[in-house]
2 protein chains.
Amino acid sequence: MRPYTVGRLMSLINRISQRELAEKLKPHDIGSGGQHSYLRAILATPGMNQDKLTNVVKFDKATTTRCIRQLEEAGYVTRTVDEQDRRSYRLFPTERAISFEPTLQAILDDYNRLLTARLTADEIETLQALLQKMYLGLDTSALNLDE
Amino acid sequence: MRPYTVGRLMSLINRISQRELAEKLKPHDIGSGGQHSYLRAILATPGMNQDKLTNVVKFDKATTTRCIRQLEEAGYVTRTVDEQDRRSYRLFPTERAISFEPTLQAILDDYNRLLTARLTADEIETLQALLQKMYLGLDTSALNLDE
DNA sequence: GACACTTGGTTGCGGGCGCAACTAAATTCG
DNA sequence: CGAATTTAGTTGCGCCCGCAACCAAGTGTC
């Protein structure tokens, strides 16, 4: 029973668990990838433009365009041209998004609980701290963790 | 500076780091996804069929078909019909694969080292143990960890 | 031995995502 | 001011991957 490397484990866990999360989000018309990250970010700080948002969620700006479009089509987000800078769009949650927020939070909490079901509270804390450290080592632009 | 959840961290770390691994593998004609997992598995236990392999690497069997085809085209793997069961193919590493193995191992080691660059040896061990626990909690069919 | 059932593998389809090239609005600088 | 540069966002392209439907070879069961 040879243990996997850290990289392999992360990849495995991620791939398998993300699918379960996707299934829980699908009934709410939210796609399987980072879409929920975008929605949460917009709920947390309404009025951002896509560029800011891209930095927050750490995807590509092309991905942002597509995810936002889907969230818009699903009725979660509205885009209004920023009159101060007519290139950019300010993003706001709709009524649907606002009333959906608790459910979304519950789903994500559930997901994290499922993920760490076998760990004690202490272990989760340790794990989180270690992952955070890893993450900081990886992304040199990760100095603002205020999503 | 609000800390991320475990799920979010894993997703972030994975996405960002996998891209770096992909870049290191690309010069060797190995695709960005799980292709290297397949190659390693075939090197470790030559002669498996695709079904077994699928279970080992934990992808979908369709993905297996495609990854193996690419590895075959890149000259790393040969497929021979199993005369005992003419539906299945037995997979073997080529000369190229065998002579590439140390390099592959070095790349993967590098990758893991980069990933955990900020952690002490003890911390890595802890992390690995915790991830392993998570993984076992997730995948009920993960009883044979003998990739 | 013919029929249903299972099993190994392939293909079609669709979603997710990053990179690079592009458009249009803003900014800089002579 | 007008030309060059930067910046917000979009689109085209290609890779990765899972699901479901499919095909062909093997395994029953009668």
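Reckoned from all heavy atoms, side chains included, excluding hydrogens, waters and symmetry mates. Throughout, protein chains are lettered first and strands after them, A, B, ... in sequence-line order, and every chain is numbered starting at 1.
In this structure, the CG atom of A/Leu91 is 13 Å from the P atom of D/dA8, given to the nearest Å. One atom, CD of A/Gln18, and another, P of C/dG15, lie 18 Å apart when rounded to the nearest Å. Between the CD atom of A/Glu83 and the P atom of C/dA25 there is a distance of 12 Å, given to the nearest Å. Between the CD atom of A/Gln84 and the P atom of D/dA8 there is a distance of 15 Å, given to the nearest Å. Look at CZ on B/Arg19: it is 10 Å from C1' on C/dC19, rounded to the nearest Å. For B/Ile16 and C/dC17, the CD1 to P distance is 13 Å, given to the nearest whole Å. In this entry the distance linking CG of B/Asn14 with C1' of D/dC16 reads 13 Å, nearest Å. Taking atom NZ on A/Lys26 and atom C1' on C/dG15, their separation rounds to 10 Å, with Å as the unit.
In this structure, CG on B/Leu43 lies 10.0 Å from OH on B/Tyr76, to the nearest 0.5 angstrom.
Looking only at distances, no side-chain donor or acceptor of A/Glu20 sits under 3.5 Å from a matching main-chain atom of A/Tyr111.
Within the hydrophobic cluster formed by Ile, Leu, Val, Met, Phe, Trp and Tyr side chains joined at under 4.5 Å, directly or through other members, A/Tyr89 is accompanied by A/Val81.
Residue pairs that meet the ring pair (Phe, Tyr, Trp, His ring centres under 6.0 Å) test with at least one member in residues 6-36 of chain B, sequence neighbours left out, are B/His28-B/Phe100.
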Note to self: I need a per-nucleotide contact map over nucleotides 9-15 of chain D, read 5' to 3'. Cutoff is protein heavy atoms under 4.0 Å; write B for the base, S for backbone only, - otherwise.
What the structure shows: BBBBB-S
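Applying the 4.0 Å criterion to OP1 and OP2 of D/dC16, one finds that A/Arg15 has every side-chain N and O outside that range.
Donor-acceptor pairing under 3.5 Å is recorded for the side chains of B/Thr54 and B/Thr64.
A/Arg8 forms no cation-pi arrangement with B/Tyr135, by the criterion of a distance under 6.0 Å to the ring centre and an angle within 45° of the ring axis.
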